[in-house]
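We count ligands from 1, going down the list as the structure has it; atoms in each ligand are counted the same way.
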Amino acid sequence: MNIQDLRRRDARYLWHPYTEITAFERADFPIVDRAEGCTLFEMDGRELLDGISSWWCANLGHGQPRIVEAIRQQAGRLQHTLLGGMSHPGAIALAERLAEISPGDLGHAMFGADGSLAVEAALKAALQYRTNRGERGRTRFIALEDGYHGDTLGAVGAGYVETFHAPFVDAVRPSLRAPSPWCNRCPFGKRPESCGIDCFDPMARLIREHGSACTAVIVEPLCQAAGGMRIYPEEYLRRLRLACDEAGLLLIADEIATGFGRTGTMFACERAGIVPDIMTVGKGLTGGTLPMSATLVTDAVYDTFRSEGGRARTFFHGTTFCGNPITSAAAIAALDVYRDEAIVARLPARISQLEEGMRRLAESLGDSQLRTLGMIAAVEIGESAGGPERARRLVRRAFELGLFIRPLGATVYLWPPLTATGDELGRMLDILLRAAGETV
Ligand SMILES: Cc1ncc(COP(=O)(O)O)c(C=O)c1O
């Protein structure tokens, strides 16, 4: 197969997400044919390290043999059946496993395909929770500025990142938003040593003043990823949990990006020691192999959906392929790998290596800020070091040198597979450092 011919047909027929068409058509963009571990193999055999785990999902690397085999086995047995009024062993086993590993009593799983659908289910469940309980007028959501919860319209209203969502702003019902609590840009000028979590005050005020009109608060726990890898303190989440309890608000933790080990614990909520009422997971659930997500709710939330006294409380929500047997099998195999290979317990050495390498990158760039959390490390390039333009050039040069990453404005980040070896991570960091040096 001729690569240029494929690129021509791609430009003719495909529509790429989050990709500017004209620049893309002109570029020699990679066409990946197979992948293994941290390495993507392009059609011409060129190797490319996957520095962002294929949009933050390939936590277990590519081609994980146990997941591949589970998919193969299940595909030969039962490909699909609905979950409306019917069940299958894979969905049952997966829901049970998720209840076991998730924090607290998040005991029931509604499955979806992509993360956005898990968020839609979470928002709708939080709304119907109120009608189930006969509560009126609690129809708004509270969220963080520049939160990202997906690209369906409900999720766009809950979150909102100007760069992505401006064309849709008039079509969505916006949540009430508190300022981002990120430490690197502390609006109170505090340092971690002197921090009193003053950044929680605006959120506390919002909850006090508008909580009675709201059903839930939705946040990305500890890291606002798509909003620019904004990392914030665990104490913020603990205070949020308390404030939600006091105001009778549900807390929705969107763990689609942070779940399954990314922050150094299985779920980011565990780091803060909190239990949300609703938690969304996706991406790493299947080790990034097949589209699957889940909305986990506590028994207390779930029980409000039982019909009672002649009042139907059915949750009229669900998509055709939710809880599909093949994706369920992939997820169960992935959970087996997380458990059997102690993926999370083995992270500390890689986390230190990542932190150290990205610190060197930040130093070499000059005016820049480093942010890290578990296996997430981001460097925001300041204006005097070239800002977003430098980030674009650096990412382009890294690509030429064999590393695939995507910038978020002026922020360059690594989000490698959790299974990256010291050598693989070292090569990613070396390429970044070299690219920084060559794009002055
Ligand atoms: C926190 C968060 N929520 C929701 C989503 C949406 O997930 P998906 O792209 O699978 O629809 C994302 C995607 O990046 C995310 O980071």
Side-chain angles (χ1 to χ4, degrees), residues 15-19 50-59 110-126 141 143-161 163-165 168 172 175 177 180-182 216-232 237 240 251-263 267-269 271 276 278-296 319 321-322 324 327 330-331 334 371 373-376 378 405-409 411 413 415:
W15 191 354
H16 290 265
Y18 280 81
T19 303
D50 184 354
I52 54 166
S53 301
S54 290
W55 256 348
W56 317 343
C57 64
N59 282 3
M110 164 69 71
F111 291 116
D114 290 304
S116 306
L117 286 177
V119 169
E120 292 297 325
L123 300 174
K124 288 172 72 180
F141 291 91
L144 290 173
E145 280 172 7
D146 289 303
Y148 178 83
H149 299 290
D151 284 340
T152 48
L153 284 179
V156 168
Y160 185 71
V161 178
T163 323
F164 309 156
H165 298 142
F168 321 113
V172 297
S175 51
R177 298 187 186 111
S180 273
W182 53 342
V217 178
I218 179 167
V219 292
E220 295 157 86
L222 301 186
C223 176
Q224 291 190 270
M229 300 299 159
R230 303 175 183 197
I231 291 163
Y232 65 95
L237 276 188
L240 182 58
L251 176 58
I252 305 173
D254 179 355
E255 291 255 13
I256 284 156
T258 50
F260 304 103
R262 181 55 55 185
T263 66
F267 298 103
C269 286
R271 284 185 74 113
I278 302 179
M279 188 166 104
T280 52
V281 293
K283 292 192 186 273
L285 171 59
T286 59
T289 54
L290 289 176
M292 184 172 218
S293 62
T295 304
L296 310 176
T319 51
F321 290 104
C322 73
N324 169 271
T327 58
R371 308 192 267 278
L373 175 69
M375 286 294 276
I376 306 167
I405 50 173
R406 282 166 64 93
L408 282 166
T411 299
Y413 69 92
W415 187 294

Task: Heavy-atom pair with the smallest gap, counting every atom of Ser116 and Gly150 - done: OG-CA, 3.4 Å
TODO: Check whether any side-chain heavy atom of Ile256 sits under 4.5 Å from a side-chain heavy atom of Trp56, and report yes or no.
DONE: no
Check ligand 1 for N or O atoms under 3.5 Å from a protein N or O and list each pair with its distance.
residue, atom, partner, partner atom, Å
ligand 1, 3 (N), Asp254, OD1, 3.3
ligand 1, 3 (N), Asp254, OD2, 2.6
ligand 1, 10 (O), Gly115, N, 2.8
ligand 1, 11 (O), Gly115, N, 3.3
ligand 1, 11 (O), Ser116, N, 2.8
ligand 1, 11 (O), Ser116, OG, 2.6
ligand 1, 14 (O), Lys283, NZ, 3.1

Task: Side-chain donor/acceptor of Ser54 to backbone N/O of Ala58, under 3.5 Å - done: no
TODO: Name the orientation class of the two ring planes belonging to His165 and Phe168 (parallel below 30°, tilted from 30 to 60°, perpendicular beyond 60°).
DONE: tilted
Open item on the list: With side chain to side chain donor-acceptor pair (under 3.5 Å) as the test, pick out the partner of Asp146 among Arg177, Gln224, Arg230.
Closed with: Arg230
Task: is_close_aromatic(Phe260, Phe267), centroid dist under 6.0 Å - done: yes
